[in-house]
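No experiment lies behind these values; they were computed from the predicted model shown.
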Protein chains: 2
Amino acid sequence: MVNSRFSVAIHILSLIATTSDKSQLTSDFIAGSVNTNPVVVRRMIGVLKKAGLLTSQSGIAGYDLLVEPKDLTLLAIYHAIDGPEQLFAIHDEPNPACSVGRKIQHTLEGVYTSVWYAMKEQLQAQTLQDVLDQLR
Amino acid sequence: MVNSRFSVAIHILSLIATTSDKSQLTSDFIAGSVNTNPVVVRRMIGVLKKAGLLTSQSGIAGYDLLVEPKDLTLLAIYHAIDGPEQLFAIHDEPNPACSVGRKIQHTLEGVYTSVWYAMKEQLQAQTLQDVLDQLR
DNA sequence: TATTCCTGTAACTATAATAGTTACAACAGG
DNA sequence: CCTGTTGTAACTATTATAGTTACAGGAATA
């Protein structure tokens, strides 16, 4: 199972999208909703900011989305947090002297790529707005 | 990224399927092809055996598949090694006092389920025989 | 200006997953 | 017996993840 960063990122973005009172929207407040540490939140927000999904100003409470929820696909969020394009790890340096070992990496890459594409399609089909609609 | 057990399992099963000289097929030989420790191989084989995919006899070299490669889907292998049905972790105990926190877990479960189904379909569509064909 | 609240970030710690390793009991067959 | 093998428990090393402490610096305001 992959880590919970993707979940936390979606949670944070949902809060930013739905909280109208910006002065309330501090990393401390967000951390209280996510149930984690404010630094973990600020760290994640730094990543999302770097990816161009939101803005913030040092010293001032509040964050703003730079992309409309309906235009923000879950795939874009996934990429923002640097989610891997390969779901399954492939073991290192299988034996090239063995006919299976020689070709297994390339073969598995093909298999995993088809799996990843199917996943990708799902992530692209859903936006932050869809998530917000379900949160109501 | 998920661990490499799935890759190792497929590698091991491929070797068992393609090695005709059973006396050669020891955990040591397999470990040499995978490039890992024989105990790691025996451990994994124990798991696959428990799932009913192969047999072995204590003290005797050689393993035998119990399912025809063409009938063995990658999904079955994935399930055998207890691959999680949920790809992404969801953070624990979001704040129920917050409207987002209250519903985020359920919402994300729905999102991740649709992603998992797409993945599942791909894993079910490919068999060990497909892998063997590509290894040639 | 001093105070307060906030962001941004570095550095450290704790925990858990993963894989690798050592060790050894038990089985098979010459 | 002796050798080579499987099956398993137990331990270690490495890494990823998340949580935490600490603090520099911006912004607003009394």
Separation of [X] atom [atom1] from [N] atom [atom2], in whole Å?
{"X": "A:Leu48", "N": "C:dT7", "atom1": "CG", "atom2": "P", "answer": "14 Å"}
{"X": "A:Asp64", "N": "C:dT7", "atom1": "CG", "atom2": "P", "answer": "13 Å"}
{"X": "A:Asp28", "N": "C:dC6", "atom1": "CG", "atom2": "P", "answer": "7 Å"}
{"X": "A:Leu25", "N": "C:dC5", "atom1": "CG", "atom2": "C1'", "answer": "15 Å"}
{"X": "B:Phe29", "N": "D:dG4", "atom1": "CZ", "atom2": "P", "answer": "18 Å"}
{"X": "B:Lys50", "N": "D:dT6", "atom1": "NZ", "atom2": "P", "answer": "17 Å"}
{"X": "B:Met44", "N": "D:dT6", "atom1": "CE", "atom2": "C1'", "answer": "17 Å"}
{"X": "B:Lys22", "N": "C:dG29", "atom1": "NZ", "atom2": "P", "answer": "17 Å"}

**Request:** Could you check which of C:dT7, C:dA23, D:dT5 has an atom nearest any side-chain atom of A:Tyr63?
**Result:**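 Nearest nucleotide to the side chain: C:dT7.
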**Asked** Judged by modelled atom types alone, do A:Asp130 and A:Gln134 share a side-chain donor-acceptor pair under 3.5 Å?
**Response**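 No, no side-chain donor-acceptor contact under 3.5 Å.
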**Request:** Examine the side chains of A:Thr55 and A:Lys49 and answer whether a donor and an acceptor come within less than 3.5 Å of each other.
**Result:** no
**Request:** Give the C-alpha distance, both sets of side-chain angles, the deciding distance and a yes or no for side chain to side chain contact (heavy atoms under 4.5 Å, CB included) between B:Cys98 and A:Leu15.
**Result:** CA-CA 9 Å; B:Cys98 165; A:Leu15 277 173; 3.8 Å; yes
**Message:** Test of understanding: clusters of I, L, V, M, F, W, Y form through side-chain heavy atoms closer than 4.5 Å, transitively. Do B:Val39 and B:Ile45 belong to the same one?
**Reply:** no
With a 3.5 Å distance limit and no angle check, can you tell me whether [X] reaches the backbone of [Y] through a side-chain donor-acceptor pair?
{"X": "B:Thr127", "Y": "B:Gln129", "answer": "yes"}
{"X": "A:Thr19", "Y": "A:Ile16", "answer": "no"}
{"X": "B:Asn35", "Y": "A:Asp92", "answer": "yes"}

**Item:** Test: A:Lys22 and A:Asp64 ion pair at under 4.0 Å
**Value:**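 Salt bridge: yes.
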Under-3.5 Å N/O pairs linking protein and nucleotides 11-20 of chain D:
from   : atom 1 : to      : atom 2 : distance (Å)
D:dT17 : OP1    : A:Asn3  : ND2    : 2.9
D:dA18 : OP1    : A:Ser4  : N      : 3.0
D:dA18 : OP1    : A:Ser4  : OG     : 2.7
D:dA18 : OP2    : A:Arg5  : NE     : 2.9
D:dG19 : OP2    : A:Thr36 : OG1    : 2.5
D:dG19 : N7     : A:Arg43 : NH2    : 3.0
D:dG19 : O6     : A:Arg43 : NH1    : 3.3
D:dT20 : OP2    : A:Asn37 : ND2    : 3.4
D:dT20 : O4     : A:Arg43 : NH1    : 3.2

**Message:** Side-chain N or O of B:Lys49 versus OP1/OP2 of D:dG7: is the shortest distance under 4.0 Å?
**Reply:**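 Yes.
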**Prompt:** Would you say C:dG8 has OP1 or OP2 under 4.0 Å from some side-chain N or O of A:Ser56?
**Reply:**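 Answer is yes, contact under 4.0 Å.
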**Asked** Who are the side-chain hydrogen bond (donor to acceptor under 3.5 Å, both in side chains) partners of A:Ser20, not counting sequence neighbours?
**Response**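 For A:Ser20 there are no side-chain hydrogen bond (donor to acceptor under 3.5 Å, both in side chains) partners, ignoring immediate neighbours.
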**Message:** Suppose we screen for side-chain hydrogen bond (donor to acceptor under 3.5 Å, both in side chains). Which residues come up paired with A:Ser58, at least two apart in sequence or across chains?
**Reply:** none
**Asked** Heavy atom of residues 74-82 of chain A under 4.0 Å from DNA chain D: which residues?
**Response**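 Of all residues in residues 74-82 of chain A, none places a heavy atom under 4.0 Å from DNA chain D.
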Might you list the N or O atoms of the protein lying below 3.5 Å from N or O atoms in nucleotides 25-30 of chain D, with each pair's distance?
from   : atom 1 : to      : atom 2 : distance (Å)
D:dG26 : N2     : A:Gly59 : O      : 3.3

Would one find more than 12 heavy atoms of other residues, nucleotides or ligands at under 6.0 Å from atom [atom1] of [X]?
{"X": "B:Glu121", "atom1": "CD", "value": "no"}
{"X": "B:His106", "atom1": "NE2", "value": "no"}
{"X": "B:Gln86", "atom1": "CD", "value": "yes"}

**Message:** Please give me every residue in residues 92-101 of chain B whose heavy atoms get under 4.0 Å of an atom in DNA chain C, ordered by residue number.
**Reply:**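 Correct list: empty, so none.
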**Message:** Side chains of B:Ser7 and A:Tyr112, heavy atoms from C-beta outward: is any pair under 4.5 Å?
**Reply:**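 Contact flag for B:Ser7/A:Tyr112 side chains = yes.
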